[in-house]
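Everything on this sheet refers to the single structure shown next.
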Amino acid sequence: MVLQFVKDEGIPLGGHHTAQVLLGRDTRPTGEYLLDAALQGINAIVGAHAIDMGILTTPQLHWMVWSKNKGTKASESDYFTQLINSFRRMLELLPKDKGGYELAKKLIVDGANGIGGVKLEQIKAELSGLDIIVRNSGKEGEGILNHLCGADFVQKERVTPHGFGPEDVGVRCASLDGDADRLVYFQMSSSSDNKVDLVDGDKILSLFALFIREQLDVINNNGSQVDKSLPARLGIVQTAYANGASTQFLKGLGLEVVFTPTGVKYLHKKALEYDIGIYFEANGHGTVVFSEDFISQLESLSNDLSSQAANSQYHSAMRLMAATQLINQAVGDALSGLLLVEAILQYKRWSFQNWCELYSDLPSRQLKVKVVDRSSIVTTDAETKVSQPSSLQELIDKETANYTQGRCFVRPSGTEDVVRVYAEASTQVEADSLAKSVAHHVERLLG
Ligand SMILES: CC(=O)N[C@H]1[C@@H](OP(=O)(O)O)O[C@H](CO)[C@@H](O)[C@@H]1O
């Protein structure tokens, strides 16, 4: 495994090398002990030097490593400065003449009692144009990490997290997960129950894709005063868990949509193959990556156009530039993702409801099945088909054919000792029934 990693990353072996290893930890008491063990272990390796970067969100640490490797500033205050400044820049670039809906400034954020809420509290006063209230903020005694709160809870249960109630009906809300690498949005539409309208990773991806495509279209099809263009291969990367309605929506826009196996390491790698790669898992983990070549073309285009500041191409180029600064290109980051969402909603003059109604999710159901050996299931085609045991795929196909808009796949989880079953169909009853009958086949064959 180590040798493969060395090969994949092009790390030269032999000779004398030095390496800095950046370490971060979360708020749990075990963090201190684990940090100490890691420091001792790393510093025992000749040439390796461990640096404790403090209590951080996971994406902050990724950003620091990414920045160090690029030779740019990499401290926590540099991270905050970049977020705050690029968000301000996005707002300065809002079209002045659009009229219509004005996005409410109030945004309530569920911090999942983790580190994301703590960090958001630190910078919220500097985020112009937003009035952020953090709940489940991670303060001592407020609650347990991810318990009845957080992005995973809200996405799976589709109900309000702990600490939200009828007084929040109609207010735009966001939910981070404990280490702030996942983001979903939600809104309560009625005070009679705690159900929410959910915007998951697929819809965040769709919003980002629409925004980026719009800027590219302005730059490239301007019919224009200035004959400049920015050729860009834009790729959308999803997994089999992406709701079928989102894929259809994105393909309907003429976008190139590709699939990888579950896990952001696969999505991120695929996205890097494009000039602009946008990837998200439905659970809210994702980001946008831009190739170095694209960024340098964008920079030179912006410079060429800078003498014509009233030009719409110039504004679109500057917006794209600000977005490359705002989004964390190292990894999915709930804080930077949230600020990009907020800037784009303001740009489009969309309410939460407008965004939510972009398309309607197909009803879906996920089930877990305990089997003797989950590795006996082998999948292919980005985990959408079972290759072994082959009889299982035949059974899945047969069941799926009985349902309108039916889609179903099974795969062994990479993080739990279970087989996951996912089913989609035109009604919830049908999705439940498809998932249940396929789960039954899995149990019978492998249980
Ligand atoms: C269906 C689902 O949500 N799967 C999750 C889960 O992976 P599994 O391999 O399905 O256990 O954990 C991964 C790591 O957090 C996350 O990337 C992925 O999306």
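The chain is numbered in sequence order, starting from 1. Both ligands and their constituent atoms are indexed starting at 1 by order of listing.
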Margin query: Any non-hydrogen side-chain atom of F409 less than 4.5 Å from a side-chain atom of D381?
Written below: no

Notebook entry, point to check: Under a 4.0 Å heavy-atom limit, does Y241 contact ligand 1 with its side chain, its backbone, both, or neither?
Noted result: side chain

Notebook entry, point to check: What are the atoms of ligand 1, with element, lying closer than 4.0 Å to any heavy atom of E281?
Noted result: 16 (C), 17 (O), 18 (C), 19 (O)

Tell me which donor-acceptor pairs under 3.5 Å the side chains of residues 247-261 have, and how far apart each pair is, sequence neighbours excluded?
residue : atom : partner : partner atom : Å
T247    : OG1  : Q238    : OE1          : 2.8
E256    : OE2  : R233    : NH2          : 3.1
E256    : OE2  : Y274    : OH           : 2.9

Item checked: Flag if over 12 foreign heavy atoms under 6.0 Å of NZ, K269 -> no

Item checked: Heteroatom proximity flag, Q366 to ligand 1, N/O under 3.5 Å -> no

Next item on the list: Looking only at non-hydrogen atoms, find the nearest pair between A112 and L176 and report the distance.
Entry: CB-O, 3.4 Å

Next item on the list: Would you mind running through ligand 1 and noting each atom that sits below 4.0 Å from a heavy atom of R411?
Entry: 8 (P), 9 (O), 10 (O)

Check: Where is the nearest protein heavy atom to atom 4 (N) of ligand 1: which residue, which atom, and how far?
Finding: T262 CG2, 4.0 Å

Next item on the list: Please could you name the atoms of ligand 1 that R182 approaches to less than 4.0 Å, counting only its heavy atoms?
Entry: 15 (O)

Next item on the list: Output yes when the distance from some N or O of ligand 1 to some N or O of G414 is under 3.5 Å, and no in every other case.
Entry: yes

Notebook entry, point to check: Looking only at non-hydrogen atoms, which of D417, T415, V264 approaches atom 6 (C) of ligand 1 most closely?
Noted result: T415

Next item on the list: Considering only non-hydrogen protein atoms, determine which one is nearest to atom 3 (O) of ligand 1 and report residue, atom name and distance to 0.1 Å.
Entry: N283 ND2, 3.7 Å

Next item on the list: Just jot down the salt bridge (charged side-chain N to carboxylate O under 4.0 Å, His left out) partners of K270, sequence neighbours excluded, or say none.
Entry: E273

Checklist line | Closest protein heavy atom to atom 10 (O) of ligand 1, given as residue, atom name and distance to 0.1 Å | finding: R420 NE, 2.7 Å

Notebook entry, point to check: Is there side-chain contact between F164 and R135, with heavy atoms separated by less than 4.5 Å?
Noted result: yes

Note to self: Could you check whether Q215 and Y347, counting side-chain N and O atoms only, form a donor-acceptor pair closer than 3.5 Å?
What the structure shows: yes

